[in-house]
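The structure presented is a predicted model; accordingly, all values stated were derived computationally and were not measured. Chain naming here is simple, since letters A, B, ... match the order of the sequence lines and numbering starts at 1 in each.
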Amino acid sequence: MARIGVFVCHCGENIGRTVDCARVANELRDLPGVAHSVDYKYMCSDPGQSIVKQAIREKNLDGVIVAACSPHMHEKTFRRAVASEGLNPFLAEMANIREHCSWIHEDREKATDKAIEVCRSIVEKVKHNVPLETIRIPVTKRALVIGAGIAGIQAALDIADGGVEVVVVEKDPSIGGHMSQLSETFPTLDCSQCILTPRMVELYQHPNVKLITYAEVEEVSGYIGNFKVKIRQKARSVDADKCNGCGACAKACPNKKVPSEFDTGLGTRTAIYVPFPQAVPNIPVIDRAACALFRGRAKGLKKEACAKCREACSREAIDYDQQDTFIMQDIGAIVVATGYQLYSIGKDQPAGLTGYGEYGYGTIPDVIDGMQFERLASASGPTGGRIVRPSDGKEPKRIVFLQCIGSRDPAKGIEYCSKICCMYVAKHTMLYKHKVHDGQATVFYMDIRAAGKGYEEFTRRAIEEDGARYIRGRVSRLYRDGEVIKVQAFDTLSGEPILMDADMVVLATAMRPQPGIQLLAQTLSASYDQHGFFNEAHPKLRPVETNTAGIFLAGACQSPRDIPDSVAMASATAAKVLGMFSKDQLEREPTVARVDVSLCAGCFHCERVCPYGAITHLEIRDRKGNLVKVVADVNPGVCQGCGTCQATCPSKSVELSGFTDEQIYAAINALVL
Amino acid sequence: MRIGYYPGCSLHATSREFDESLRATAVALDVELAEIDDWSCCGATSGHATSHLLSVALPARNLALAEEQGMQEVLAPCAACYNRLASASHSLREDAGLEIKIKEILARPFANTVRVRNVMELYRSLIPQITEKSAGRLKGMKVACYYGCLLVRPPGVLAFDDAEQPTSMDEICRATGATSVDWNLKVECCGGAFSLSRTASVIRLGRAILEDARKAGAEALIVACPMCHSNLDFRQSAMTQSGETPMPVLFLSELVGMGLGLSARDMGMKRHFVNTGPIEKRATETAAQVAAEAAAKAAKAAETAAKATAQAGTAPAGKGVA
Amino acid sequence: MSTSGAHGHATAPATLAAELRGKTGQNPAECYQCGKCSAGCPMAVETLLRPHDVMRLIGGDRRETLLEGESIWLCLTCEACTARCPNGCDPARMIDALREMSVARAPRAVGAFHRSFLDQVKANGRMFEFGLVLEYKLRSGKLLNDVFSTPGMISRGLLKFVPSPIKGVADVRRIFAACEREAARDLHASGADGRDQ
Amino acid sequence: MAETSNGAFEPKVTAFVCNWCTYTGADLAGTSRLQMSPNVRIIRLPCTGRIDPLFIVKAFERGADGVIVSGCHPADCHYTSGNYHARRRFALFLELAGFMGIDPKRITFSWVSASEGGKWRDVVNDTVTRVRELGPFTAYRELAGKP
Ligand SMILES: Cc1cc2nc3c(=O)[nH]c(=O)nc-3n(C[C@H](O)[C@H](O)[C@H](O)COP(=O)(O)OP(=O)(O)OC[C@H]3O[C@@H](n4cnc5c(N)ncnc54)[C@H](O)[C@@H]3O)c2cc1C
Ligand SMILES: Cc1cc2nc3c(=O)[nH]c(=O)nc-3n(C[C@H](O)[C@H](O)[C@H](O)COP(=O)(O)OP(=O)(O)OC[C@H]3O[C@@H](n4cnc5c(N)ncnc54)[C@H](O)[C@@H]3O)c2cc1C
Ligand code: SF4
Ligand code: SF4
Ligand code: SF4
Ligand code: SF4
Ligand code: SF4
Ligand code: SF4
Ligand code: SF4
Ligand code: SF4
């Protein structure tokens, strides 16, 4: 027989005025299994808590009910008190007779009746409570940052400065991301390289950072505090330990006409290359698809078609036979900072998107995108910072910018606003005016969205000081007429049709998530939205966490973000990671699900409904090692205790500790008699 | 190949040459056009400008007839008819309520199974035959393919080609050996619907189209819509400034016919308002040139083959002169 | 109070937007006034209300301006607007629906041309151009501009003088009758005919 | 079912609510001293996702005259999608309720957030009023042959 103690609180007058606390205590005392029942003026006060402790000792209680305020208020208080007497804290529960009773009813008799029923229900539940242990998870204090754009760099540096080891995995040969391609940056127009390069170098040299470039995350297993990560180091064809970055190899390479990704196809590079002069690390890689030697090998040539780079390298760093290798890492927390790509207006698009035939599907040479404009405007770009037309190298005197291309366009592209293009278009008009003094910039826009510190002032400056002409209306068509581009538009504010001649047109195309990022999300069991951006756990209160414990977000992988936003997120993420690492063990409530493997039929309905991907497959084998069956298994590190699995399980084989069917039925049965 | 045929009102009257040339090419390409017996008007612009229901019911009657007469596909050469028939069929598939209403009005069995095709789709499927039979006869002739609006829009309904940068007509023209020029106003509207009621608009729009085609170096404008044709052909004098050479406006079927070597007379081309004489002459010239080139090539091949035989001394006679 | 609604209870007068939504299945509120439709509209230089204006005025419930004005009749139905609308609106369809409403409330306002055309179809099952010319002349007092009067047309054998009704002309007339009945019913149900006060 | 001393029918309503939204909303109603019908008893669960339709059947079987199920608003689930699964389950259950002899009008599904104390009061009062009109739920007792 259970030995349960009931403690009814008056809360001064708060409960006592409406509920006859003495009567509650008396009636409860007569319940089977109740060994002790008293009422007191302030249960949460020190003397009140002492009453509870004393009763546990003296009456040898094995369960405690405090009938008082909301458990959200004092459940922790009483569980602590109970634990101090050596009783398992999860054997104590509260019955809410204040917020849910005395405060909302006037009729003393009815309120008292209700209080008695509520207490009785909790008593019945507690009879079925079992001791539970707070879950403690060990933490590997090493973070992984995936993607080294400005967001990844900032997050890694902040974490590393906190004294924790960080592994940074970047898929490209160099870190820096899109920011390294930008010319000058809004809202202050500082030079992108000037503020970014020092941070890149700092990351490279930081004693706590292990930087792995030209690499991708291949597999992730485990859970918060205890991830095992497999990283594929792609073959560079250059031995990074031997190379000193002298650049002799690239100079020797005969294949100089490969379109440069970094220069968005406006410039060229060699087959062995570093993406840009300030690249970190300054170690080249061979683009095997473009290299004569590898093409020769693919064709089955016996002799090496070229080996000029090896001949040029005095350090014997070139290694044509290098293979992809794998690196395993134990990781406690993961920061995703994979950034974005730009929407292309071309004909070939992923499912659900279409290109812009009315703008020529990207075939008109002097219709470029915003990133190409950045490269043209960049002092280190293919034109040395001169803004000229790709077709004939002439300086455009009439330049037209189209905003919201691909964005806010459910019919062809995506419905969201890319958030940064209004700003960078304003920036582009300024950069243009600063370089082409006699030129005219015209912007076709729908709305100007410049909500940030100094942003509105910035766009106004483009209009008021730098003479950019803003026309409200989406352009219908672009077409070539000899050397000029015809812009067919409508000024919705003046009500006038427009057919304008332009020498160059810049499309502010939408920000989209990186290609293939869904695959990474699945590897991480993190969720993503319908566009492929990573989902934050809560848009307001948990913006840098994912729903998967231990996985965090920074930068444009979560939604379109500019640099200030990306950096703020990155630092916030670092704070989260460091906070997590400040403890040796993670503690969490033991409210997690458990599977009874003898009952489980292996239907995996639970797996499908679990919001956290906490359910895994467990193979049951006999002693000879033959597979008997596959059942569900809950990873307690991942389970958050919602109980959806239990309600879904057809055979009731999975149970949520603290809220088992037995406990709930007992509570229901006691309520309605 | 046999395909249902819905000529529509224009092809029976103002655009008879479209009908005639189409039938002539069909014969040449072994296609049997089975005219829907007792077809009625699709309602055209007037139908849908005044009653959505009527604009679906009139085409539906014809689709039902085609079905009764065992046709799976119906060719509607007139762009307006094509657009109306295809749109009606699409609306009926999308809107179950409308389908019930229409079935009630038609009072005849109707399952909406017939697929509506335009001339471009027909010819596109025959490109290998056209290429073969025309043997590059129109090589060097520069034409501007004009699609207009009715054949490509709305994109969701008439999805046989890209709505902004269509290419089917260009591909067909190229099959005859002609060059299709790159120009800008391929899918701009010529104002067809106002042909009769608002001439000034039509002239403004048509002029821009002709100018752009001319600028691109086209010798003729190729169309696949009777309304485009009557606008750009009949009204061209008003669209052209003095000193500009007139631009013949040919139905796609006429161009294909010329490629196949059919006579302009058989295709009713004499009915055009802009004189087609010059372009017919060009066709004859290019054909002659192509033939001469082919002959020269054959002769050369024969010569080398003969040389080879002479050298080898053993090859049987006639080999290599295929 | 009208009780002619399908469910037998009176309804508040619908907004123009709601009415058009019912007729076309398209929600006019989806138009965010970007102007791309008007940018590509071949009639934008001539008409007073461009497609984006039409969409705007629908939202503003400006029934009179839209139905009485000339603009809705100055649309070519080329669907450039619809094809390029970034938000999936269909101004061409909206304009068609407005024309239908305009015809329904005041039959004489219909372009004489459309009436003449449809009368030909109703009479013969097909369009008969010479008849069309005569009808139009009778209705509008104008010659059908110049097209069919052109000697060129006649000499080229492009005009037919004698109507030849199709066999199933009764069929076609029945279709017309059914559609007219339907239109009358709609009009009455919507109370938009202005005759119920 | 219960009867007061004067014999009037006093419905008994069991409420299954999630810990994060509705339970907290009910706390707020208390803090705000919003008076409401005393006929409802709350059972607290982590998430509506945890609520098995059999709980509802059980409550009716034990003598409840009405049931409330309430959790977070659709997009606000503390566990992101637990309530989404719950909704699908309850939609199915409602279709079956009649078949099981339970008038669906006896069951209230609602969303009450942590800040909707007033809404919670309305849900409670409306449900009690409705169930009062429907009268005592006796189907299962009659089945069991009890008075
Ligand atoms: C034309 C243009 C102009 C702009 N101008 C400005 C401006 O003036 N001011 C401003 O504040 N912002 C500007 N921005 C926005 C700015 O580019 C972004 O805010 C910023 O680059 C976002 O940084 P990020 O680190 O989140 O992403 P990114 O810069 O995209 O970096 C992501 C990194 O992750 C790597 N990566 C991706 N996938 C993987 C993977 N699976 N594994 C490993 N690594 C991976 C990528 O290679 C890349 O290095 C501009 C953007 C554009 C398009
Ligand atoms: C009408 C309106 C509607 C909004 N709706 C939304 C919405 O729907 N969604 C959304 O995301 N955001 C919304 N916001 C914005 C939201 O209110 C703010 O983003 C948020 O409150 C900012 O939080 P905070 O902590 O920075 O500032 P505050 O909320 O202003 O808190 C600052 C605190 O500091 C205290 N304080 C000030 N000075 C001192 C001092 N010298 N010493 C000690 N304490 C001090 C203040 O008393 C106050 O408690 C809305 C804002 C407005 C005006
Ligand atoms: S030549 Fe050798 S050392 Fe120099 S950059 Fe190339 S690989 Fe490195
Ligand atoms: S092998 Fe030749 S082509 Fe290849 S990277 Fe080296 S130098 Fe360039
Ligand atoms: S930020 Fe400006 S340009 Fe970019 S999608 Fe949003 S509104 Fe359009
Ligand atoms: S000031 Fe406020 S209301 Fe005005 S644009 Fe900015 S955010 Fe919007
Ligand atoms: S739902 Fe139940 S039976 Fe099915 S796999 Fe999960 S625990 Fe096992
Ligand atoms: S309780 Fe919730 S989080 Fe835990 S395993 Fe079950 S469904 Fe997943
Ligand atoms: S293009 Fe579409 S959204 Fe834009 S104004 Fe026209 S109808 Fe409205
Ligand atoms: S359909 Fe009418 S409104 Fe739309 S673009 Fe064509 S002419 Fe203009």
Side-chain angles (χ1 to χ4, degrees), chain A residues 343 345 352-361 400 402-418 422 442-449 470-479 486-500 502 505 507-510, chain C residues 17 20-21 24-60 62 65-66 69-95:
Chain A
Y343 181 87
I345 69 159
L353 302 183
T354 41
Y356 283 86
E358 62 267 50
Y359 304 150
Y361 283 127
V400 167
L402 310 191
Q403 292 198 173
C404 303
I405 301 303
S407 312
R408 307 178 68 195
D409 186 346
K412 289 216 163 69
I414 35 222
E415 49 269 64
Y416 59 79
C417 162
S418 289
C422 278
T442 306
V443 178
F444 286 93
Y445 74 103
M446 273 170 72
D447 303 283
I448 304 175
R449 298 188 167 171
Y470 272 64
I471 301 177
R472 192 190 173 284
R474 273 192 189 247
V475 166
S476 175
R477 273 194 79 200
L478 296 176
Y479 58 89
K486 293 273 185 199
V487 181
Q488 191 182 334
F490 193 88
D491 181 343
T492 58
L493 297 181
S494 71
E496 279 166 3
I498 292 173
L499 190 61
M500 181 182 281
V505 176
L507 305 176
T509 51
Chain C
L20 284 168
R21 192 173 179 177
T24 64
Q26 291 267 329
N27 180 1
E30 278 169 12
C31 169
Y32 52 31
Q33 287 294 301
C34 70
K36 194 177 181 189
C37 48
S38 299
C41 174
M43 293 304 285
V45 291
E46 291 182 46
T47 186
L48 189 64
L49 302 178
R50 286 77 178 225
H52 85 286
D53 294 317
V54 170
M55 299 300 281
R56 180 92 185 146
L57 295 185
I58 292 171
R62 299 275 297 279
T65 315
L66 286 164
E70 186 196 24
S71 294
I72 54 170
W73 300 102
L74 294 187
C75 162
L76 288 158
T77 321
C78 72
E79 302 197 336
C81 48
T82 302
R84 297 196 186 127
C85 173
N87 216 19
C89 303
D90 191 346
R93 176 80 186 87
M94 285 293 168
I95 292 171

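- For the set A:Arg477, A:Glu496, A:Glu415, the count of heavy-atom pairs under 4.5 angstrom toward chain C peaks at A:Arg477.
- Contact of C:Cys85 with chain A is made through the backbone alone, with heavy-atom distances under 4.5 Å.
- Within the 4.5 Å cutoff, no side-chain heavy atoms of A:Asp409 are placed close to those of C:Asn87.
- Chain C forms the most heavy-atom pairs under 4.5 Å with one residue out of A:Pro497, A:Gly357, A:Gly473, and that residue is A:Pro497.
- Contact count against chain C (heavy-atom pairs under 4.5 Å) is highest for A:Phe490 among A:Tyr445, A:Tyr356, A:Phe444, A:Phe490.
- Using non-hydrogen atoms only and a strict 4.5 Å limit, the part of residues 44-54 of chain C facing chain A consists of C:Ala44, C:Val45, C:Arg50, C:His52.
- With contacts defined as side-chain heavy-atom distances shorter than 4.5 Å, the pair A:Leu402/A:Leu478 qualifies.
- A salt bridge does not link A:Glu358 with A:Arg474: none of the charged nitrogens is closer than 4.0 Å to a carboxylate oxygen.
- Every side chain to side chain contact (heavy atoms under 4.5 Å, CB included) that C:Arg56 has, sequence neighbours left out, goes to C:Gln33.
- Contact annotation: the side chain of C:Leu20 approaches that of C:Met94 to within less than 4.5 Å [non-hydrogen atoms, C-beta and beyond].
- At least one donor-acceptor pair closer than 3.5 Å links the side chain of A:Thr354 to the backbone N or O of A:Lys412.
- Side-chain contact check for A:Val487 versus A:Ile498: every heavy-atom pair is 4.5 Å or farther apart.
- There is no contact between C:Ala80 and chain A, counting heavy-atom distances below 4.5 Å.
- Considering CZ of C:Arg84 and OG of A:Ser476, their distance stands at 4.0 Å, rounded to 0.5 Å.
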